[in-house]
Amino acid sequence: QVHLVESGGGSVQAGGSLRLSCAASGYTRYMGWFRQTPGKEREGVAAIHTAFGSTFYAERVKGRFTISQDNAKNTLYLQMNSLKPEDTAMYYCAAGDIGGAVGLMWSAQAAYNYWGQGTQVTVSS
């Protein structure tokens with residue numbers, strides 16, 4: 001069992017930045033960030049292969065968000081720049097160990113075994 005604890009959410013004006021953190025209690029093959037707004041499905045934002053450092057992004061955040069990891073601290077980060085009101089959502093950290101190509105499955109919720117409790121990000125115009 002791996003426990004995930006997110007932090008770093010908050011309120012910011014459009015164009016601003018936030019950095020989310022996710023402290024993990026153990027190692028998994030890949031980790032990712034998802035987000036969800038009321039009435040919508042949870043969507044994949046970014047993911048990282050923890051061994052190789054390969055990163056994957058949703059088109060709508062490419063060039064604005066950066067996923068990274070600190071292996072010494074077992075912590076995952078999501079640096080979010082140039083935030084837009086449409087980025088407003090609950091952000092969830094996720095970790096997975098399911099076999100398969102991370103590059104192909106990273107944005108699927110079913111690919112992840114563990115989830116954090118979420119941290120709210122609100123971007124005002």
Side-chain angles (χ1 to χ4, degrees):
Q1 187 77 8
V2 175
H3 294 285
L4 304 172
V5 179
E6 302 101 331
S7 60
S11 297
V12 65
Q13 288 194 326
S17 299
L18 283 173
R19 188 177 80 156
L20 305 183
S21 300
C22 173
S25 65
Y27 171 84
T28 56
R29 199 163 67 93
Y30 50 90
M31 296 185 72
W33 290 97
F34 282 71
R35 65 186 183 187
Q36 188 173 25
T37 53
K40 292 190 177 180
E41 284 206 12
R42 199 170 290 189
E43 64 170 353
V45 175
I48 188 167
H49 191 299
T50 55
F52 301 137
S54 312
T55 56
F56 311 94
Y57 295 94
E59 281 298 324
R60 62 187 68 189
V61 305
K62 274 184 181 177
R64 299 189 298 122
F65 291 11
T66 303
I67 189 170
S68 62
Q69 59 183 355
D70 184 331
N71 289 334
K73 296 181 180 179
N74 247 11
T75 300
L76 180 74
Y77 301 100
L78 185 68
Q79 178 67 43
M80 304 185 294
N81 299 329
S82 301
L83 282 161
K84 304 175 181 179
E86 50 264 43
D87 294 319
T88 296
M90 183 71 78
Y91 283 71
Y92 296 90
C93 174
D97 262 328
I98 298 172
V102 176
L104 296 178
M105 65 185 189
W106 72 267
S107 60
Q109 293 185 62
Y112 295 82
N113 309 84
Y114 311 105
W115 293 86
Q117 80 288 351
T119 185
Q120 178 68 36
V121 171
T122 302
V123 185
S124 57
S125 56

Asker: Please report the closest heavy-atom contact between S21 and T75, naming both atoms and the distance.
Answerer: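 For S21 versus T75, the nearest heavy atoms are CB-CG2, 4.3 Å.
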Asker: According to the side chain to side chain donor-acceptor pair (under 3.5 Å) rule, which pairs have a member within residues 44-56, sequence neighbours left out?
Answerer: Y27-T50
Asker: Roughly how far apart are H3 NE2 and Q117 CD, rounded to 0.5 Å?
Answerer: 12.0 Å
Asker: What distance do N113 atom CG and I98 atom CD1 have between them, rounded to the nearest 0.5 Å?
Answerer: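 Here the interatomic distance stands at 4.5 Å.
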Asker: List for me each residue that meets side-chain contact (heavy atoms from CB on, under 4.5 Å) alongside A95, sequence neighbours excluded, and say none if there are none.
Answerer: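 With sequence neighbours excluded, A95 shows a side-chain contact (heavy atoms from CB on, under 4.5 Å) to L4, T28, M31, Y114, given in chain and number order.
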Asker: So which heavy atom on L76 is nearest to which on I48, and how close?
Answerer: CD1-CG2, 3.6 Å
Asker: Can you name the closest pair of heavy atoms from M105 and A111 and give their distance?
Answerer: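 So the two residues come closest at O-CB, 3.5 Å.
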Asker: Would you please name every residue forming a side-chain contact (heavy atoms from CB on, under 4.5 Å) with S82, sequence neighbours left out?
Answerer: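 Expected list: R64.
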Asker: Does R60 come within less than 4.0 Å of E86, counting only side-chain N to carboxylate O?
Answerer: no
Asker: Could you state whether I67 and F56 fall into the same hydrophobic cluster, counting links through intermediate Ile, Leu, Val, Met, Phe, Trp or Tyr residues with side-chain heavy atoms under 4.5 angstrom apart?
Answerer: no
Asker: Mind running side-chain contact (heavy atoms from CB on, under 4.5 Å) on M80 and L20 for me, showing each step along the way?
Answerer: CA-CA 8 Å; M80 304 185 294; L20 305 183; 3.7 Å; yes
Asker: Measuring from atom CD of Q69 to atom CG of L78, what distance do you get when rounded to the nearest 0.5 angstrom?
Answerer: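 Taking CD in Q69 and CG in L78, the distance rounds to 13.0 Å.
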Asker: Using 0.5 Å steps for rounding, measure from the CD atom of Q109 to the CD atom of Q36.
Answerer: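 Q109 atom CD to Q36 atom CD measures 7.0 Å (nearest 0.5 Å).
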Asker: Once side-chain contact (heavy atoms from CB on, under 4.5 Å) is applied, do any residues pair with D70, and if so which ones, sequence neighbours excluded?
Answerer: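 With sequence neighbours excluded, D70 shows a side-chain contact (heavy atoms from CB on, under 4.5 Å) to A72, K73, Y77, given in chain and number order.
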Asker: Using modelled atom types and a 3.5 Å cut-off, is there a donor and acceptor pairing between side-chain atoms of Y30 and backbone atoms of Y112?
Answerer: no
Asker: Looking only at non-hydrogen atoms, find the nearest pair between R29 and V102 and report the distance.
Answerer: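 That closest heavy-atom pairing would be NH1-CG2, 3.7 Å.
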Asker: State the NZ-CZ distance between K40 and R35, to the nearest 0.5 angstrom.
Answerer: 9.5 Å
Asker: What heavy-atom pair brings A89 and T37 nearest, and what distance separates the two atoms?
Answerer: CB-CG2, 3.6 Å
Asker: Let me confirm one number: the CD-CH2 distance from E43 to W33, rounded to the nearest 0.5 Å.
Answerer: 14.5 Å
Asker: Using a 3.5 Å distance criterion without hydrogens, assess whether the side chain of E6 forms a donor-acceptor pair with backbone atoms of G118.
Answerer: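 Present.
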Asker: Can you name the closest pair of heavy atoms from P85 and S125 and give their distance?
Answerer: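 For P85 versus S125, the nearest heavy atoms are CG-CB, 3.9 Å.
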Asker: Would you mind writing out the side-chain donor-acceptor pairs for residues 7-16 within the sub-3.5 Å range, not counting sequence neighbours?
Answerer:
none

Asker: With sequence neighbours excluded, tell me which residues meet side-chain contact (heavy atoms from CB on, under 4.5 Å) with Q79.
Answerer: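 Q79 satisfies side-chain contact (heavy atoms from CB on, under 4.5 Å) with S17, R19, T66, N81 once adjacent residues are dropped.
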Asker: Using the rule ring-ring contact (aromatic ring centres under 6.0 Å, His included), only one of W106, W115, Y92 pairs with F34; which is it?
Answerer: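 It is W115, the one option of W106, W115, Y92 that forms the ring-ring contact (aromatic ring centres under 6.0 Å, His included) with F34.
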Asker: Given side chains that start at C-beta, do those of T88 and V121 come closer than 4.5 Å, heavy atoms only?
Answerer: no
